[in-house]
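Please read the structure below before turning to the comments.
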Protein chains: 2
Amino acid sequence: MTQKVTIRDLAEAAGVSVTTVSQILNGKGERFSSDTQARVLKLQKKLGYVPDYNARNLIMRSTQTIGVLVPNLANSFFSMFIKGIQQASQNNKFIPIIFDANHNQELQNMYLEELIKRAANGLIIASATLDANDIDRILTRNGIPYLLFDQNDAQIGDRVWVDDYKGGQMAANYLLSAGHRDIALLVGDEITQNIQQRINGFRSVMAKYHLSLTDERVIQNKMTKLGGYQAVDDLIALKPSAIFAINDEMAIGVYRGLQERGYRIPEDVSIMGYDDIDLADFVMPKLTTIHQPAFEMGQVATELLIERIQNPRLAHQDKQLPLELIVRDSVKNV
Amino acid sequence: MTQKVTIRDLAEAAGVSVTTVSQILNGKGERFSSDTQARVLKLQKKLGYVPDYNARNLIMRSTQTIGVLVPNLANSFFSMFIKGIQQASQNNKFIPIIFDANHNQELQNMYLEELIKRAANGLIIASATLDANDIDRILTRNGIPYLLFDQNDAQIGDRVWVDDYKGGQMAANYLLSAGHRDIALLVGDEITQNIQQRINGFRSVMAKYHLSLTDERVIQNKMTKLGGYQAVDDLIALKPSAIFAINDEMAIGVYRGLQERGYRIPEDVSIMGYDDIDLADFVMPKLTTIHQPAFEMGQVATELLIERIQNPRLAHQDKQLPLELIVRDSVKNV
DNA sequence: TTGTAAGCGTTATCAA
DNA sequence: TTGATAACGCTTACAA
């Protein structure tokens, strides 16, 4: 339908060989007479010749593509993460292909395979539903470097990370120093490694205060606004003075559930989130939370991955980014 | 680094020819003994063989790819739109490549070119910064079908749309029948064709009430939460009893600005949005808005495009989807 | 029931 | 200065 003009047509029209055309068009044509060069270039324009992408890649073995798998595009954390990826990719002349696995394992497998098929030069996988060892097996076998993120087993491969343990501690310290003792924890239904760390960090500080977070004070639900909303009855039953939601999306769901039931935030119950999505600054009251540098994480992940692609023998890369406590208005001193 | 597993490796391992492997893996292997078939399939899994995309496309001449250009991934409307695209693509065995043009014309041109290079079979362009005629020229010359969305000139090519004029009317009717007369309008800084329609529809109803929306009652800013927030001083200066924000993102920014200044919604000023993003249901008070079926729009756009790809001679396609007034709590009767 | 061999459009090697 | 020719990994007539 498109591109009927091949390099052969062009060569013929110019009365030279395909080698000549190829070399000239790829900037390796200094050795040819300027006459020939001019002729080829001119005819390329005239015939509208565009090298066939597939044929080219077949031999070049580089698609300048990285694949990206996220669990949910609609989560602001991931849209920021993706924007970071796009930015860094662009700077390095790579193209990111993005898939939303929709928290669905089957879909994720399908996309993973699709990305391998399309000869992505590297992958960023920010999705927890696949087993890290499975990923490693299939990708390593295909010689594709990758970077796991938010994963069950982040030890494999390069790594960009934040200290979730410390993040959990920061949250706990803030709540406890504000005087809260009756704390409930709201987490997702998939406890990934990094989130487990958050929980552990949180618990460690509680322990220092000789408080314990028993299992019945830990509520699980989907890691979305709706999940947070649906967890509200469970949370209320615990009569907490403060709730730590494991991400901002859930926290915002909790807002709605509490407010619908007439609870005031933070007068009746304090809320603390995690992520610092753009929205956290736009809800009422503004959400106190732990800032994760999502955009920067996307950038750095991409940069590490591209370095790895360009130099596979590189030593293990590991980059940590800082977390930050963002105090807003959703936690009250008691 | 491990070498990529080729069809030859697999054939060798199975003790058969590459033809056999190729046929079996492409579902044309009935003629081979079930023993052979089983062996090949099993070894494929074991070796993790994935056909080379470039080599395959080189022969098959179809990338099964559609390109997608959106102005801003972080806007929930577009994340939903994309989810619809992904869903429909998946059903039709296509893969969407998604780019966030970030409201940046240069970036958009770059991505457009990239998509052509990569031989995308079709494009969905939901981004207003390119001139529709430019797009048409470039894409038509390359024989790539496309579908414009949210564009300046939606007449070209296939079309999936909602009746924005009517949407504007619905919003106005609701505000006016709630008794509001001092209305301010908040719009984006790029007035695309569809948004102009919204405004026109809104104005037409005002006119019926013998009210006019003078230009100084129309405030412009970026179509983001932050843009809405930044517009608040301008809005307040107009002392409106109600504000119609041209999208929900902006409405939510207005919420914050008003609430920070001590205004109560809807007691002191009513707000009406447009889009019905997931968030609209989670802010306080819940946002009254016009529902656009973003997910479905993505689905339908994709289906139309794929039909067009598979049958280029098809007559002009045009599909309209319904809007709906969603009454929540941000507009008060006066 | 299976295999041989000819391409697809490109770039890279090496000889002329 | 140039050009044959051999890959690249795959699908598909056509043979066997």
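For the numbers below, each heavy atom of this structure counts, side chains included, while hydrogens, waters and symmetry mates do not. To find a chain, count down the sequence lines: A is the first, B the second, and so on, and within it residues start at 1.
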Exercise for review: State, with a plain yes or no, whether a side-chain heavy atom of A:M297 is found less than 4.5 Å away from one of A:M80.
Suggested key: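 They are not in contact (no side-chain heavy atoms under 4.5 Å apart), so the answer is no.
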Which part of the nucleic acid, if any, lies within contact of [X], taking any heavy atom under 4.0 Å across all strands shown: a base, the sugar-phosphate backbone alone, or nothing?
X     : value
A:N26 : sugar-phosphate
A:T19 : base
A:R31 : base
B:N54 : nothing
B:Y53 : nothing

Review point. Of all the choices, D:dC10, C:dG3, D:dG3, which nucleotide is nearest to the side chain of B:S17 once you look at every atom?
Key: C:dG3
Length of the [atom1]-[atom2] vector between [X] and [N], whole Å:
X     : N      : atom1 : atom2 : answer
A:L58 : C:dG7  : CG    : P     : 17 Å
A:L25 : C:dA12 : CG    : C1'   : 16 Å
B:N57 : D:dC10 : CG    : C1'   : 10 Å
A:Q23 : C:dA12 : CD    : C1'   : 8 Å
B:I59 : D:dC8  : CD1   : P     : 15 Å
B:M60 : C:dG7  : CE    : P     : 19 Å
A:I24 : D:dG3  : CD1   : C1'   : 12 Å
A:D52 : C:dT11 : CG    : P     : 10 Å

Distance below 4.0 Å between [X] side-chain N/O and [N] OP1 or OP2:
X     : N      : value
A:R56 : C:dT11 : yes
A:T36 : D:dT1  : no
A:K28 : C:dA12 : yes
B:T20 : C:dT1  : no

Practice item. With side-chain hydrogen bond (donor to acceptor under 3.5 Å, both in side chains) as the test, would you mind laying out the steps for B:Q86 and A:Y111 before giving the verdict? Key: CA-CA 11 Å; B:Q86 296 213 11; A:Y111 285 142; 3.3 Å; yes
Practice item. For B:V18 and B:A11, work out which heavy atoms get closest and say how close. Key: N-CB, 3.8 Å
Exercise for review: Map A:R39 and A:V18 onto DNA chain D by nearest heavy atom, then report which one ends up closer to the 5' terminus.
Suggested key: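 It is A:R39, whose closest nucleotide lies nearer the 5' terminus.
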Check your understanding: Quick one: on DNA chain C, does A:V21 or B:F32 contact a more 5' nucleotide (nearest heavy atom)?
Key ->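 Taking each residue's closest nucleotide, the earlier one in sequence belongs to B:F32.
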Point to revise | Geometric class of the B:F77/B:F81 ring pair [parallel <30°, tilted 30-60°, perpendicular >60°] | key: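 Rings of B:F81 and B:F77: parallel, under 30°.
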Practice item. Could you tell me whether the side chain of A:S22 has a donor or acceptor atom within less than 3.5 Å of a complementary atom in the base of C:dA12? Key: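 Under the 3.5 Å cut-off, the side chain and the base do not form any donor-acceptor pair.
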Point to revise | CD/A:Q320: more than 12 non-hydrogen atoms of other groups inside 6.0 Å | key: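 Counting other residues, nucleotides and ligands, CD of A:Q320 exceeds 12 neighbours.
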Practice item. Using a strict 4.0 Å threshold on nitrogen-to-oxygen distance, state whether B:R118 and B:E114 make a salt bridge. Key: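 Yes, charged N to carboxylate O under 4.0 Å.
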